[in-house]
Amino acid sequence: MRKLLLVALLAISSILCGCSERQQLKSSLRDALKVAAAQQKAKAEYMIPIEGKLPKSFKNGEIVTAKPQDWTSGFFPGVMWLLYEHSGDEQLKEYADLFTRRLEELKDYTGTHDLGFMVFCSYGNAYRLTGDPYYKSIIEQASKSLITRFNPTVGCIRSWNTGRKENPELDYMVIIDNMMNLEMLEWCGYHDIARTHADTTTKNHFREDNSTYHVVVYNELTGEIVKKRTAQGFSDDSAWARGQAWGLYGYTMMYRMTGEQRYLEQAVKIAEYILPHLPEDAIPNWDFDADVQMKDSSAGAIMASAFIELYGFTQNKEYLTMAERQLRSLASDAYLAPLGENGYFILKHGVGHLPANTEVDVPLSYGDYYFVEAAMRYLAL
Ligand code: GLY
């Protein structure tokens, strides 16, 4: 009898502890989102006179800016839309709209696969939150531009253009990141293209252990695989952390958009690969197989957001617990920048492209976007 009572007491106290830890995390995420909103407003004020550009990172004491055609251009307006949704702050809405409109020319841009990131994070959130048909028309036109990059022989949307004219048999590159662009295509009704791309990726991008290659190079005339390799990772055979994050997020999103079980199964396989590879603070090294240690907070933020959504579909508590560990780290002093510092970016310690020695241990606009999304997803649980 005594033993039973003790077990019951222990169970109750662990439930209470769990609840109070969750409340603490929620409260620190609310605080972090307040800092995030203030940082974005300050950054918007800094960026207004720099016409035609969007903030991307912060290096040597200066905000690094990019043209609309840079793959990161949609994250700054996107994060302001998310923070407007969270706070109702009209100033954020005004800035979000201003910087979204800087991207209008992208509707006719056919030079990259990244239009999903660029247009759906900006115009997609804008339309979702306002219902203004102007935003919708840009999304629809951009999707038309994006599908010009689909090759039915390969079964994929081409990622990069390198070497296209010189080597049609050698250089049709598809990267795992490209899964993220399918949300906009599904939303616009291009189901066949989006699902064919996802299915080809499932077939060709993954190793036996469910880690993903970064790049698969196809022969665009026959659809045969020429090579599997890396671009931003440690080696062709290594698991670049952000690539694993894009895969996890991409397949979870495809399940949300389609209801097709095969995408949920693939997301779970990727999650099972990632979980045991994460370190004590749950923020991955930039590449799971690299000797060089350099945390990538952006990969941690993307994973956290995806794990929360995947938890919603599976009710697997391991995913929620991992997302909580990641959010706790990201919202701590180790990663969250104090107000007025870090070039007004939210997170420190991101890695853009370590092998090229560009953007190493810096803030990144996409890390900020997925951190805010993850925090909002967690607060909404
Ligand atoms: N899509 C490019 C990157 O993740 O760096």
Side-chain angles (χ1 to χ4, degrees), residues 54-59 64 66-76 78-79 103 106 109 111-122 146 149 156-162 173-185 197-198 201 205 211-217 229-235 238-253 270 274 283-288 290 294-306 345 347 349-371 373-374:
L54 288 302
K56 178 181 173 145
S57 184
F58 181 65
K59 203 176 165 186
V64 181
K67 291 195 287 206
Q69 290 75 10
D70 190 276
W71 81 275
T72 61
S73 62
F75 295 115
F76 177 55
V79 83
L103 306 184
L106 293 176
Y109 185 50
T112 181
H113 70 136
D114 285 320
L115 280 178
F117 282 119
M118 296 143 91
V119 173
F120 215 53
C121 294
S122 53
L146 179 54
R149 300 180 67 80
C156 277
I157 294 158
R158 184 183 198 125
S159 290
W160 299 323
N161 285 354
T162 334
M173 293 191 204
V174 180
I175 63 175
I176 186 67
D177 325 25
N178 205 338
M179 284 297 300
M180 301 293 287
N181 298 306
L182 306 181
E183 183 169 359
M184 182 169 80
L185 294 186
H197 181 105
T201 303
H205 250 85
S211 66
T212 173
Y213 288 94
H214 186 196
V215 188
V216 176
V217 186
R229 68 171 186 81
T230 196
Q232 282 156 266
F234 170 66
S235 74
S238 72
W240 175 52
R242 198 161 55 254
Q244 315 312 304
W246 293 140
L248 179 72
Y249 192 116
Y251 282 95
T252 308
M253 170 278 292
I270 300 169
I274 290 175
I283 306 304
N285 195 31
W286 69 284
D287 187 304
F288 288 140
M294 189 60 73
K295 295 280 189 186
D296 179 13
S297 56
S298 77
I302 299 158
M303 285 175 190
S305 192
F345 286 84
L347 295 182
H349 307 312
V351 175
H353 195 328
L354 193 139
N357 200 18
T358 49
E359 296 173 344
V360 180
D361 197 19
V362 290
L364 296 164
S365 56
Y366 39 101
D368 287 3
Y369 179 89
Y370 290 101
F371 170 67
E373 183 186 77

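Only heavy atoms go into these numbers, but all of them, side chains included; no hydrogens, no water, no symmetry mates. Whatever order the structure lists ligands and atoms in, that order sets their numbers, starting from 1.
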Checklist entry - Can you say whether the rings of Trp160 and His214 are parallel (under 30°), tilted (30 to 60°) or perpendicular (over 60°)? => result perpendicular
Next on the checklist: Over 60° means perpendicular and under 30° means parallel, so tell me whether Phe234 and Trp286 are parallel, tilted or perpendicular.
Outcome noted: perpendicular
Next on the checklist: Ring-plane angle category for Tyr370 and Trp246, please: parallel below 30°, perpendicular beyond 60°, tilted otherwise.
Outcome noted: perpendicular
Checklist entry - Out of curiosity, Met118 CE to Thr72 OG1, how far, rounded to the nearest 0.5 Å? => result 8.0 Å
Checklist entry - Can you list, by chain and residue number, every protein residue with a non-hydrogen atom closer than 4.0 Å to ligand 1? => result Trp71, Asp177, Gln232, Trp240, Arg242, Trp246
Item to check | Between CD1 on residue Ile270 and OG1 on residue Thr252, distance to nearest 0.5 Å | outcome: 7.5 Å
Checklist entry - Any donor and acceptor pair, going by atom type alone, linking the side chain of Asp287 with main-chain N or O of Gly233 inside 3.5 Å? => result no
